[in-house]
Each structure stands twice: as structure tokens, then as C-alpha cells.
Amino acid sequence: SIRACAQKSSSPALLRRSYSSESAPERKVAVLGAAGGIGQPLALLMKLNPLVSSLSLYDIAGTPGVAADVSHINTRSEVVGYMGDENLGKALEGADVVIIPAGVPRKPGMTRDDLFNINAGIVKALCEGIAKYCPHALVNIISNPVNSTVPIASEVFKKAGTYDEKRLFGVTTLDVVRAKTFYAGKAKVPVAGVNVPVVGGHAGVTILPLFSQATPQANNLSQEEIVALTKRTQDGGTEVVEAKAGKGSATLSMAYAGAIFADACLKGLNGVPDVVECSFVQSNVTELPFFASKVRLGKNGVEEVFGLGSLSDYEKQGLEALLPELKSSIEKGIKFANQS
Ligand code: NAD
Ligand code: LMR
């Protein structure tokens, strides 16, 4: 297949004046799985991001149309669509950030782990491409099961000799987005000012929101309400899967979350100070090799992995309870990458 379209703005001088970040460096962002339910709105949101100068949209099918469509938006980035395996190299070459929402989504009744058989191979192949064509890119993995696909990526990069733990991220931002929304609703505080760390992993009980550290701290929530908020955050993905009734999982809220996380990566690369987001990264916070917690992003990717801070008794129990499942999901990913 073919390079679908390469269009620069027809009025660059006019547009340039409206950029808030006129001096922002050139940055190429690649989206792999760009024609999908997440990929399309994520492509739109990345096209709206003034930190992006080049937007590369890759999928096995459908990217010429998505790229042509998005490329007409009068913002900074040029947009190129790439379709098919043979164009993966061109899609990736020179990328600073690669976002991966490629793979199948859940249907009602499935767990994220039920996606492993299909998505593990997809993520492995795409990461082999990254190792070859843009080994220094920051890699944002959205494809589920994140608890296993991130370890798969790390093993692929290790085998290729390109692994840098500072540059590999499992995107758990949607858990934070949900925790903030649900907490603000219950505590009756304006959502724009709310922060809630979410740690652990990205599946069921491995998702552990730390409402004891939420800001602003609400004194009006009972323990029962904290338990209900925790469960709703852990089951947020399932809530959407059931509501979509067979037509997939979260796409719009995920695209929003993915765009927030990629923007944080770009800000870090550009030297903006104090950029902190939760992400599933290589970690010493627990005995597990990967764990989601707050990380500070900088010019090299992860600059600092923050510890958990003080936990309520309920959160301590949640942490103990999640470790076995998270451990086995990590090990499953590592085993897959090394046997296939
Ligand atoms: P989708 O089926 O709508 O889109 C997936 C896209 O990936 C399709 O366009 C497909 O052609 C493409 N694709 C498949 N194989 C590919 C390959 N080898 N290379 C490039 N592209 C390929 O699914 P979706 O709703 O966009 O979800 C995608 C993934 O994201 C799923 O695994 C889902 O579980 C996951 N997800 C993760 C989170 C999270 O919080 N991390 C949230 C929502 C969804
Ligand atoms: C989510 O949290 O929405 C995603 O992981 C998709 C899913 O399968 O729930």
C-alpha cells in the first residue's frame, strides 16, 4: 500500500501566528492502529495538539481515509497515512512518541486477558518495528491486556538490544480520568480541580485508585462510598463494554486519556518541568517488575518513579490483593515474548 497523503498547511504563515507554542520543537507522533475506534479520535486530538509537527497514522487498513480527513484540519502538524506492514518502517522513522491502540477490544463477558491471544502478537510485531525504526521513541501502550503487553514490549526491546526502561509506558490515564470524574461527582467538588492517583495495573482489582490521597480531600465521603468509588473505577471499562453491548469498549474517553498522556510525554521531552502522570512502568515500588504509579516525565522519558505515599487500611488491603494477579499477567507476557 501506499503513502496516502502528505499535506502541509496551505497557509502556514497565517496559522503560525495562532500557535501558543510557536517555538515548540519539531516532534513526530505515530499512532499504530489509527483507523480504529480509539485510533481515529486519538488522531483528531493529536492533530489539535500544537506540540506535534508531524502526525503519522498507521494501520493495516483504512488509514488513507483517516489521514486525508484529519489532514484538512488547519493546525500545525502535517499528516501522513500509512497502510500495511510494508509501510510500518516509514510510519515509524523519526518518531519521538509512538502510541499503540492496535488490537481487538472486549465484548461483554470477556476479561482483558481474553484478548491476550490476539493482541500479544500484534504488540510484539509492532514493537519489533519500533526497535528497528525508532528505537529512541517514547512508547505509549494502550492495547490490552496492558498488564501483559507492556512486559511483552520490554522483552522485545531487550532482545533487540534497544530496551530503555525510561521510554516504555503502559497507558493507565483512563483509570485516572474515571477516578477523577466519579470522585468529583460523589464529593460534589468541581472536577477541573480534582486529582486522584491510581496505581497498580490496568485490569479489574489491579486498578487501585488512592482516594485517601485525592485532592481536594472530601470529608463528606463515607467508607461505603469510598468502596463504591473504588469498585466503579475498577469496573469502569466493563461499564462501557456492557453499555456498548458488543460494539467494543471505551474509545472516546480512551482517546482523550491517550491524548493527555502523549501530551505529557511531549511536554517532558520539550523540557517542561514538573510533568507528572500515573503510568504502568518498570518499577521498584513493589516487588513486581512493572507497576503503575505517579511518574515524572522529562527529556529522557521517565525521570522519576514516585512511591505510593501513605495508604489507608482499605488501600493497603487492595494492594496486597492485586499483587498475585498482576504478577501472573506480567509473567504471562514475559513468557510469551520469549517463547514465540
Ligand atoms: P478497534 O478494533 O476499534 O481498533 C483497533 C485497530 O487496530 C483497528 O483499526 C485494526 O485494524 C488495528 N490493528 C489490528 N492489528 C493491527 C496491526 N498489526 N497493526 C496496526 N493496526 C492493527 O479497537 P479499539 O476500541 O480502538 O481498541 C484497541 C485496543 O485498545 C484494544 O486492545 C482495547 O482493549 C484497548 N483499550 C485500552 C484501554 C486502556 O485504558 N489502556 C482503553 C480502551 C481500550
Ligand atoms: C478500559 O478500561 O476501558 C479498557 O481497558 C477497555 C476495556 O476492555 O475495558
Side-chain angles (χ1 to χ4, degrees), residues 1 30-43 56-67 81-89 91-92 98-130 140-150 152 169-179 181 198 200-204 206-207 209 232-244 246-262 277-280 292 329:
S1 303
V31 180
L32 313 184
I38 297 166
Q40 292 200 37
L42 181 58
S56 171
L57 303 180
Y58 173 83
D59 204 304
I60 51 175
T63 29
V66 178
Y82 299 96
M83 190 165 73
D85 238 11
E86 64 279 19
N87 290 304
L88 180 61
L92 290 174
V98 180
I99 315 172
I100 312 185
V104 290
R106 283 200 284 164
K107 289 188 187 322
M110 294 171 83
T111 66
R112 292 179 183 79
D113 186 59
D114 292 334
L115 306 172
F116 187 98
N117 288 344
I118 298 177
N119 291 353
I122 293 174
V123 170
K124 180 169 177 273
L126 293 174
C127 288
E128 284 164 356
I130 291 169
N140 296 183
I141 297 200
I142 292 173
S143 314
N144 271 316
V146 167
N147 292 353
S148 303
T149 51
V150 170
I152 289 170
F169 304 87
V171 181
T172 58
T173 318
L174 182 53
D175 302 315
V176 176
V177 163
R178 287 177 177 143
T181 303
V198 182
H202 178 70
T206 72
I207 300 167
R232 187 162 182 217
T233 305
Q234 292 174 330
D235 295 340
T238 306
E239 193 180 302
V240 179
V241 168
E242 283 170 1
K244 291 199 174 179
K247 296 223 163 84
S249 56
T251 55
L252 304 173
S253 50
M254 181 60 239
Y256 170 76
I260 295 269
F261 190 72
E277 292 289 338
C278 290
S279 180
F280 185 66
S329 299

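All values derive from a computational prediction rather than experimental measurement. What you see below is based on every heavy atom in this structure, not just the backbone, and it leaves out hydrogens, waters and symmetry mates. First listed ligand is number 1; within each ligand, the first listed atom is number 1.
In this structure, the separation between CG on Leu88 and CE on Met83 is 14.0 Å, given to the nearest 0.5 Å. One finds the CD1 atom of Ile122 at 11.5 Å from the CG atom of Leu32 (value rounded to the nearest 0.5 Å). Atom-to-atom distance recorded for Thr172:OG1 and Arg178:CZ is 11.5 Å, nearest 0.5 angstrom. Rounded to the nearest 0.5 Å, atoms CG (Asn144) and NE2 (His202) are 4.5 Å apart.
Ligand 1 places these atoms under 4.0 Å from at least one heavy atom of Leu115: 34 (O).
Any N or O atom pair closer than 3.5 Å counts here, and Tyr58 shares no such pair with ligand 1. Considering backbone and side-chain atoms together, Asp59 places an N or O closer than 3.5 Å to an N or O of ligand 1. Any N or O atom pair closer than 3.5 Å counts here, and Gly103 shares at least one such pair with ligand 1.
Smallest separation of non-hydrogen atoms from Gln234 and Ile207: NE2-O, 2.9 Å.
At a threshold of 4.5 Å between non-hydrogen side-chain atoms, the residues Asp85 and Tyr58 count as touching.
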Take Thr206 and Asn147 through the test side chain to side chain donor-acceptor pair (under 3.5 Å) and record every step on the way to the result. CA-CA 9 Å; Thr206 72; Asn147 292 353; 3.1 Å; yes
Side chain to side chain contact (heavy atoms under 4.5 Å, CB included) evaluation trace for Leu92 with Ser56: CA-CA 8 Å; Leu92 290 174; Ser56 171; over 6 Å; no
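Heavy atoms of Ile142 found under 4.0 angstrom from ligand 1 belong to the backbone as well as the side chain. In Val171, the part holding a heavy atom less than 4.0 Å from any atom of ligand 1 is the backbone. Neither the backbone nor the side chain of Arg112 comes within 4.0 Å of ligand 1, counting heavy atoms alone. Of the heavy atoms in Ile122, only side-chain atoms (C-beta onward) come closer than 4.0 Å to ligand 1. With a 4.0 Å cut-off on non-hydrogen atoms, Leu126 touches ligand 1 through its side chain and not its backbone. With a 4.0 Å heavy-atom cut-off, ligand 1 is reached by no atom of Thr173.
Scanning the protein heavy atoms around atom 27 (O) of ligand 1, the nearest turns out to be Ile38 CD1, 3.4 Å. Of the protein's non-hydrogen atoms, the one nearest atom 38 (C) of ligand 1 is Met254 SD, 3.4 Å. For atom 22 (C) of ligand 1, the nearest protein heavy atom (residue, atom name, distance) is Ala102 CB, 3.6 Å. Gly37 N, 2.7 Å is the protein heavy atom nearest to atom 3 (O) of ligand 1. Here the protein heavy atom with the shortest distance to atom 28 (C) of ligand 1 is Pro101 O, 3.1 Å.
Remark: distances from the non-hydrogen atoms of Ala125 to ligand 1 are all 4.0 Å or more. Heavy-atom separations between His202 and ligand 1 include at least one value shorter than 4.0 Å. Residue-ligand proximity: Gly248 is placed with every non-hydrogen atom at 4.0 Å or more from ligand 1.
In this structure, Lys107 places its NZ atom where only 12 or fewer heavy-atom neighbours from other residues, nucleotides or ligands lie under 6.0 Å away.
Within 4.0 Å of ligand 2, counting heavy atoms only, the contacting residues are Arg106, Arg112, Asn144, Leu174, Arg178, His202, Gly237, Ser249, Ala250.
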